[in-house]
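Following: one structure in structure tokens, then a few remarks.
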Amino acid sequence: MTLTRRIIPCLDIKDGRVVKGTNFLGLKDAGDPVELAARYNEQGADEVVFLDITASRENRGMIIDVIQKAADELFLPLTVGGGIRTLDDIQRTLRAGADKVSINSSAIENPSLISESANAFGTQCIVVAIDVKRRTTNEPGMTRIKLSDGSSCWYEVMTRGGSKPTGIDAVKWAKEAESRGAGEILLTSMETDGTREGFDIPVTAAVSESVGIPVIASGGVGKMEHFYDGFALGKADAALAASVFHYGEMTIAEVKNYLIQRGIAIRPQA
């Protein structure tokens, strides 16, 4: 059976508004999260992701009221991340209307949270988000990944909204997250985020090949070909994008039709 690939708009939220930046910096306002979520619901998105991108850095909880309002507007799966640290946080987020939760910094700081939350709520509810950055240093034991120019690097896991290096190898961490019960990996490359130059294919392919759970490619979409590359070259199960959808440069229907024409198994518009 051929699995259909998913197209997922991502809403990065700061102070109750959707924002977008480049390489996790230079954030600009992109609209109201509930209004945008409702638009993507109408356009036929497969899922919507809400990420409160400064919750961990500011050491605060997720904005429950925004989740509740969006959940009332949506008839598709909603994944919520940012500031989720405990089983109580996860339960509160799911009760507010989320279908899945995304954990990032808290999973690194307390890896047992992955297994505990998967046991409590089911693996299908638990997404482990991994923000990564390229490193060219020759650290022993790290997974070297070949780049398009022939050089190689390893990818370091970053936490706290991309502000804190961990020294952890991204591919190894993805495997551990899976072994602990994660149902999906949301992989964002800080190298390509907001650049509109395409997904970071080398690390996306490396992680996709190393785990047996779905991998969501994130960071860098600027044109429709980038979605195709994420699936065909990056071997991702889902592709996430933000600004190209927020600013109306392309619709989800247009992306899906393009991918179907190029032979990618995608869920068609209703």
Side-chain angles (χ1 to χ4, degrees), residues 8 10-19 24 33-34 37 47-72 74 77-132 156-170 172-188 190 207 211 213-216 218 238 240:
I8 305 175
C10 179
L11 287 71
D12 292 338
I13 299 173
K14 183 178 187 294
D15 301 327
R17 298 285 294 179
V18 178
V19 295
F24 287 32
V34 178
E47 298 178 22
V48 170
V49 171
F50 276 13
L51 295 179
D52 189 340
I53 59 173
T54 58
S56 292
R57 195 183 305 174
E58 295 170 2
N59 199 34
R60 58 173 172 78
M62 182 63 194
I63 38 180
I64 294 296
D65 59 327
V66 174
I67 302 168
Q68 291 171 329
K69 290 176 183 176
D72 288 342
L74 295 176
L78 171 63
T79 299
V80 175
I84 297 174
R85 302 179 186 84
T86 66
L87 292 180
D88 285 344
D89 290 339
I90 294 172
Q91 186 174 55
R92 189 161 52 248
T93 303
L94 295 173
R95 282 182 175 173
D99 299 279
K100 307 176 191 177
V101 297
S102 171
I103 53 177
N104 187 336
S105 301
S106 57
I108 288 286
E109 293 160 10
N110 177 24
S112 63
L113 179 63
I114 303 172
S115 50
E116 290 170 1
S117 59
N119 289 335
F121 306 105
T123 59
Q124 76 283 353
C125 291
I126 308 304
V127 179
V128 171
I130 307 178
D131 298 332
V132 302
E156 182 176 15
V157 176
M158 306 290 287
T159 60
R160 300 288 165 179
S163 65
K164 183 180 179 182
T166 65
I168 296 172
D169 178 82
K172 291 182 178 179
W173 174 237
K175 291 179 180 179
E176 181 176 345
E178 178 184 26
S179 71
R180 288 180 177 272
E184 285 185 278
I185 300 293
L186 171 53
L187 180 69
T188 303
M190 293 182 64
V207 171
V211 298
I213 56 177
V215 173
I216 305 168
S218 169
L240 180 148

Pair Asp89 + Arg92, salt bridge at N-O below 4.0 Å: yes
Distance check, rounded to the nearest 0.5 Å: Asp52 atom CG versus Leu11 atom CG? 12.0 Å
Are the side chain of Thr123 and the backbone N or O of Ala118 linked by a donor-acceptor pair below 3.5 Å? no
Atom of Val128, atom of Ala182 and distance for their closest heavy-atom approach: CG2-CB, 3.6 Å
Can you give me the closest heavy-atom contact between Glu47 and Thr79, atom names plus distance? OE1-OG1, 3.9 Å
Stepwise side chain to side chain contact (heavy atoms under 4.5 Å, CB included) test for Leu87 and Ser117: CA-CA 6 Å; Leu87 292 180; Ser117 59; 3.8 Å; yes
Heavy atoms only: give me the nearest Ala129-Ser102 pair and the separation to one decimal. CB-OG, 3.3 Å
Which residues pass the salt bridge (charged side-chain N to carboxylate O under 4.0 Å, His left out) test with Asp99, sequence neighbours left out? none
Could you give me the CA-CA distance, side-chain angles and deciding distance for Ile64 and Ile67, then say whether side chain to side chain contact (heavy atoms under 4.5 Å, CB included) is met? CA-CA 5 Å; Ile64 294 296; Ile67 302 168; 4.1 Å; yes
When you measure from the side chain of Ser106 to the backbone of Ile84, do you find a donor-acceptor pair of N or O atoms at a distance under 3.5 Å? yes
Minimum-distance pair of heavy atoms, taken over all atoms of Ser105 and Thr159: OG-CB, 3.4 Å
As a quick check of understanding, evaluate side chain to side chain contact (heavy atoms under 4.5 Å, CB included) for Thr188 and Val132, giving each step before the final call. CA-CA 6 Å; Thr188 303; Val132 302; over 6 Å; no
For Gly167, does its backbone N or O pair with a side-chain atom of Glu156 as donor and acceptor, under 3.5 Å? yes
With rounding to the nearest 0.5 Å, note down the distance linking CD in Gln68 to CZ in Arg95. 12.0 Å
Identify the two heavy atoms, one from Pro33 and one from Ile13, that lie closest to each other, and give their separation to 0.1 Å. CB-CD1, 4.0 Å
Is the backbone of Val157 close enough, under 3.5 Å, to the side chain of Thr166 for a donor and an acceptor to pair up by distance? yes
Contacts of Glu178 meeting side-chain hydrogen bond (donor to acceptor under 3.5 Å, both in side chains) (sequence neighbours excluded), chain-then-number -> none
Please report the closest heavy-atom contact between Val80 and Ala98, naming both atoms and the distance. CG2-CB, 3.7 Å
